[in-house]
Structures are given as C-alpha cells and as structure tokens.
Protein chains: 2
Amino acid sequence: METIGQIIRNKRESLGLLLRQVAASLDIDPAILSKIERNERRPNKELILKLSETLDIDKEELLAQYISDKIAYDIADENCADRVLKLAEKKVQYLKTHSVSN
Amino acid sequence: METIGQIIRNKRESLGLLLRQVAASLDIDPAILSKIERNERRPNKELILKLSETLDIDKEELLAQYISDKIAYDIADENCADRVLKLAEKKVQYLKTHSVSN
DNA sequence: TATGTCTTGACACTATTTGTCAAATATAAG
DNA sequence: CTTATATTTGACAAATAGTGTCAAGACATA
C-alpha cells in the first residue's frame, strides 16, 4: 500500500522537480517537505491542497488519503476498529442530515 | 442518536451520583466533567477508561463511542466521507497485518 | 575536491488541549 | 426571602502538540 508520502515523492520525481522547487511553490522549507515525503511529519490540510495543485494530483484523492491516514493512525491500536468505523459512518450520516450549517 | 456526553450523564444520574463525586473519583475538576457531559469539551482516552470503571459502563462500548466521535468530527465537513472511511478500513487492515509490533 | 541535493536534529514559535478557579446561575429546603 | 447545595460559565494558566527555521551532516556526482 502506497503511503501519502510515497504518493507525493513519486509524483514530484516523475515531474523531475527538486524538493527545493516544490517547497518554494508551497512556501515552506525543503526540510519539511522532505519529512513529509518520508512520513516523518504529517502535512496539514492547507498543504495537501497546495500540493495537489503544484504536483497536479487529484485534490479529492489526496485529501481522502490524508484524512484516512489520520483516522487509521487514530484507531490502529484499537481492537474494535471495525465497530468504530461503522459507528463513525452512522455519526457522519447523522451530522450531515442534522447539522445546522446544512 | 445518543452523544457520548449523554451516555455519561445518563449513567451518572441513574446511579444517583453528583458531578463532584464522579469528578473526585476521576481526579478532575467537576467543571470539566460538566463540560464533557454537555459535549462542550472532549474527554481524552485516559478519562474514558476511568469513566467506564467509575460508572460501570462497558469499556469497549465507551471507547468505540469516543473514537468514532473523533473520526466523525474529523471528516464531517468533507464531501468524500464514505470514500475516506473505506480507505481507512483498508489502511487499518494493512497496519494490523504488517505492523512490527504485532 | 567542489557542488548540489537531501536528511537530520536542535531549537523557537504558535496553536490546541487540558487543568484551575471563582463568580454566576439554578434548584430545593427551611 | 434566605440559605445551602449543585451545576454552569468564562477567564486564565499550564502542558502538550503542531509548525517553521536553520545549520550541520550525509550522499551522490562531476
């Protein structure tokens, strides 16, 4: 399974871009991007959006990878992961139909 | 749908316990417990475990509620929630079968 | 060696989470 | 109407986590 860091690094290298170049486009230090690509540091949502533009990666795809990474990390050491995900699905449905902002 | 705060408050009241009493048992300020029960503040995992013991709520049940709450909150405003949850499921499976610690 | 790229770790700054406290509110009893 | 008790609220401090900066080290290539 490809990690989000691998996705980013693969795309960057396939475009022949240097860390320095992409980092400049993202307005961050190359060291941060290096860490993100090696999954040593987690990107935030803003960075995900910029990355999808700079590297021409589908925005929804990268976002889904990003959020599912966070979730998997949250529940990886729980022995009731399946149940948790089913519950989460119900709650999301509930929030979507009942939230004030919708 | 019952929130985690409601679960806790219902159980505490059904046991005839005061905020002050349960808070003392949890070693926290009653104000915090009050906020947790009204979903104004999110409990952390340690508190969840203590709560399940003090109020005699099934530990797995309360943990599942707690984690699914966090997940639902994370993805509530995303329009690809279903896809994210499916991806997360795959990643959890992957982590379970490939992690070093297992 | 000399150059350019990437990695690593220490550090500071900021944001978020968590804890503390006292005043305000609510409820019930005398 | 007081008094007492329980809960709620908001301001604030402390602790933790996230983020950014930088320079030195490692690595490859010419």
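All values below come from the heavy atoms of this structure, side chains included, with hydrogens, waters and symmetry mates left out. Within every chain, numbering begins at 1; the chains are lettered A, B, ... in the order of the sequence lines, protein sequences first and strands thereafter.
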Checklist entry - So, is A:Asn44 near the phosphate of D:dT19, with a side-chain N or O under 4.0 Å from OP1 or OP2? => result yes
Item to check | Rounded distance (Å) that lies between atom P of C:dT17 and atom CG of B:Asp74 | outcome: 10 Å
Checklist entry - When A:Ile4 is tested against each of A:Gln65, A:Arg42, A:Arg9, A:Lys70 for side chain to side chain contact (heavy atoms under 4.5 Å, CB included), which residue passes? => result A:Gln65
Donor-acceptor contacts, no H, no angles, side chain residues 24-35 of chain A, under 3.5 Å, sequence neighbours left out:
unit_1: A:Ser25; atom_1: OG; unit_2: A:Thr54; atom_2: OG1; d: 3.0
unit_1: A:Asp29; atom_1: OD1; unit_2: A:Ala31; atom_2: N; d: 2.8
unit_1: A:Ser34; atom_1: OG; unit_2: A:Arg38; atom_2: NE; d: 3.3
unit_1: A:Ser34; atom_1: OG; unit_2: A:Arg38; atom_2: NH2; d: 2.8

Item to check | Side chains of B:Ile67 and A:Leu87 in contact at under 4.5 Å (non-hydrogen atoms) | outcome: no
Next on the checklist: Surrounding NZ of A:Lys45 (heavy atoms of other residues, nucleotides or ligands, distance under 6.0 Å), is the total greater than 12?
Outcome noted: yes
Next on the checklist: Using side-chain heavy atoms (C-beta onward) and a distance below 4.5 Å, is B:Leu55 in contact with B:Leu15?
Outcome noted: yes
Next on the checklist: Within residues 7-43 of chain A, which residues have any heavy atom lying less than 4.0 Å from an atom of DNA chain D?
Outcome noted: A:Asp29, A:Ala31, A:Ile32, A:Arg41, A:Arg42
Checklist outcome for this item: With sugar-phosphate taken as primed atoms, P, OP1 and OP2 and all else as base, the protein-contact string of nucleotides 25-30 of chain C at under 4.0 Å (heavy atoms; B, S, -) is ------
Checklist entry - Is the shortest heavy-atom distance from the side chain of B:Val92 to the side chain of A:Glu78 under 4.5 Å? => result no
Checklist entry - Side-chain contact, heavy-atom cut-off 4.5 Å: B:Arg83 with A:Glu61? => result yes
Next on the checklist: Before you tell me yes or no, could you show the steps for B:Ile8 and B:Val22 under side-chain contact (heavy atoms from CB on, under 4.5 Å), namely the whole-Å CA-CA distance, both residues' side-chain angles and the distance that decides it to 0.1 Å?
Outcome noted: CA-CA 11 Å; B:Ile8 294 169; B:Val22 175; over 6 Å; no
